[in-house]
Structure formats: C-alpha cells, structure tokens
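FYI, side chains are in, hydrogens and waters are out, and symmetry mates aren't considered; it's all heavy atoms of this structure. Owing to the predicted nature of the structure, the values given are computational and were not obtained by experimental measurement.
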Amino acid sequence: MDRKTLAAAFPVTVPVLMGYLAIGMAFGLMLQSAGYGVVWAFFMSLTIYAGSGQYLGVSLLATGASLPQVAFLTLMINFRHLVYGLSMLEKFRGMGARKLYMMFSLTDETYALLSSARPPEGVEEHDFYFCVALLDHSYWILGSVIGSLAGAALGFDTTGVDFAMTALFLVIAVGQWKAAGSHLPALLGAAATLASLMLVGAEDMLLPALGIIVLVLTLMRPRLEERRTGKAKQEAGT
C-alpha cells in the first residue's frame, strides 16, 4: 500500500470513520459495562469485526450463553455476509491471498463503499479496494478501544447506544440513493423486506428477505445490465 493509494482511499472512507468511531465506542462502552475490558474490545474487533454480531456478543457474554447458541445466533444475524462475499467474487478476482481478508472485512458499510467507489486514474484497483477495507477495519478497532477505555475511566449509561449502528447505515444508504443511477434495486429490496416483515414478523424476517432479494435480482440481472449499458452508451455519446 503506497501513499498515493492511501490518499485516494481515505476520503472515500471518511463517512465510515465518523460512524465507526461512534458505534465502535458504543460497543466498547457496552462491553466494558458487562465487565469485559479493553483487551476483549481490541481482540473482538480485530478477529470478529461484525458490528451487529459484536453487539449481540455482549449480551451473550453477559448471560453466559453456550457455544452452540453463540454459533447459531451469530450465523443467523450475519448470514447476509455470505451474500456479500458471493457478489464480490468477481471484483476480488486476482487479489491472491488478500481476497480472504477482503471477504472477511465485508461489513455492511465496507460493502456499500466497495460496491460504488471507483479508484482514481493511476491507482491500482485491487490496492484501492484493499486499502478501503483495511482503513474501515482500523476505524472500528480504534473506536472500540476508545469506548472501552472511556467506559473504564468515566462510566456511562449505555442505554440506547446500539442505535448508533442503524443511524450510520441510514446515512450511507441515503448517500448511495442520491448517487445511484437506478433506484430499482433499492426499491425491490425495500419491497422484499416489507413483505418478509409482514409474512413472518420482525424476529424472523432477515433470511426470507435476503432470499427474495437474491432471487429477484438474479432474475432481473439481464434487464438491469442492459439498462446500465444503455445509459453508459448514452452518456458517452453526449
């Protein structure tokens, strides 16, 4: 990773920096309030790196959940990351061993950035993607450590701090909506989520919603690709 790549990637990740410091600190505070110190915060953020999964982990640690419970609940809450990884296989092709880290690092926010961000001219594409992922990961670790240290030194009421993650994702989603050439995939996703919510309820909606979204977008892929190609040709002609 050279200075030019870092200079290109950093501005792209600034929104995630602001958000991850906040929600990472919230996680660190919650973990500290459950009786687990900064070492736990650092290594959980380094090796697990799943915001919602780590928030769940605080509750599981506090209640002394069994290993099978932890494994099952973590799989359910982070199942969407399997879809993220599959959709990025082509983009990560040719990255060698770095591809393993890239798939590991696909949080919601990093996935959103890598789906839309493009490296500037003169910056190698794969180096740019790797730098974006690595920066985002470092922000999350930093926020977690700061939160844990602050919680140990000052003491905080952590009620409601877990909403910070939802707020960050909404900010990124609004930005992508404004920048997107087509709003059809987002509208399909919203419709599938609403349908799943109405059919199975809030607690079980995630997996059906993801299944519907993947199925519909797979069936509609030729049409979406055709529309994108046509728009690119139209812009090139003008």
Side-chain angles (χ1 to χ4, degrees), residues 1 5 9 12-13 15-17 19-20 23-24 27 43-57 70-119 124-141 144 165-166 168-170 172-173 175-176 179-180 182 184-186 188-190 192-193 196 204-222 224-225 228:
M1 186 191 309
T5 304
V12 175
T13 64
V16 177
L17 166 62
Y20 272 13
I23 63 177
F27 163 72
F43 280 105
M44 284 184 71
S45 293
L46 177 68
T47 60
I48 299 176
Y49 189 35
S52 54
Q54 287 180 227
Y55 276 71
L56 173 66
V70 173
F72 177 75
L73 290 173
T74 301
L75 175 62
M76 291 299 98
I77 200 170
N78 288 321
F79 182 82
R80 65 192 184 281
H81 292 276
L82 295 176
V83 181
Y84 292 167
L86 289 172
S87 68
M88 285 288 180
L89 286 178
E90 188 62 34
K91 180 167 283 191
F92 296 161
R93 189 181 301 277
M95 293 189 72
R98 291 185 299 178
K99 180 166 62 175
L100 298 175
Y101 175 76
M102 294 303 297
M103 289 186 288
F104 161 76
S105 67
L106 284 177
T107 60
D108 297 328
E109 295 76 22
T110 300
Y111 177 80
L113 291 182
L114 295 181
S115 297
S116 56
R118 295 291 179 271
E124 204 280 323
E125 187 177 45
H126 288 160
D127 290 345
F128 176 78
Y129 295 150
F130 181 72
C131 191
V132 167
L134 199 60
L135 284 172
D136 286 352
H137 194 179
S138 67
Y139 303 152
W140 178 255
I141 295 172
S144 301
M165 179 168 292
T166 304
L168 171 62
F169 190 76
L170 285 174
I172 292 179
Q176 283 206 311
S182 172
L184 182 58
L188 288 172
T193 302
S196 180
D204 302 314
M205 62 173 286
L206 182 59
L207 294 183
L210 284 172
I212 295 171
I213 291 170
V214 171
L215 177 61
V216 172
L217 289 180
T218 300
L219 294 175
M220 295 192 64
R221 182 176 178 180
L224 293 172
E225 290 287 347
R228 186 173 65 178

Start with the C-alpha gap between Glu109 and Thr13, add the side-chain angles, then the distance that decides, and say whether side-chain contact (heavy atoms from CB on, under 4.5 Å) holds.
CA-CA 9 Å; Glu109 295 76 22; Thr13 64; over 6 Å; no
If every non-hydrogen atom of [X] is compared with every non-hydrogen atom of [Y], which pair is closest and at what distance?
| X | Y | value |
| --- | --- | --- |
| Phe92 | Leu114 | CZ-CD1, 4.0 Å |
| Ala133 | Thr110 | CA-CG2, 4.1 Å |
| Phe104 | Thr47 | CE1-O, 3.3 Å |
| His126 | Arg93 | CE1-O, 2.8 Å |
| Phe128 | Val12 | CZ-CG2, 4.0 Å |
| Met95 | Met102 | CE-CG, 3.7 Å |

Heavy-atom side-chain contact between Val16 and Val132 under 4.5 Å
no
For the residue pair Leu17 and Tyr20, establish whether any side-chain heavy-atom pair is separated by less than 4.5 Å.
no
Backbone N/O of [Y] and side chain of [X]: donor-acceptor pair under 3.5 Å:
| X | Y | answer |
| --- | --- | --- |
| Tyr49 | His137 | yes |
| Ser196 | Ala192 | no |
| Lys91 | Tyr129 | no |
| Ser144 | Trp140 | yes |

Neighbour count >12 (heavy atoms, 6.0 Å) for atom OH, Tyr101
yes
Asp127-Thr5 side chain donor-acceptor pair, cut-off 3.5 Å:
no
Roughly how far, to the nearest 0.5 Å, is the [atom2] atom of [Y] from the [atom1] atom of [X]?
| X | Y | atom1 | atom2 | result |
| --- | --- | --- | --- | --- |
| Leu106 | Tyr111 | CG | OH | 8.5 Å |
| Thr193 | Leu188 | OG1 | CG | 10.5 Å |
| Leu100 | Ser105 | CG | OG | 11.0 Å |

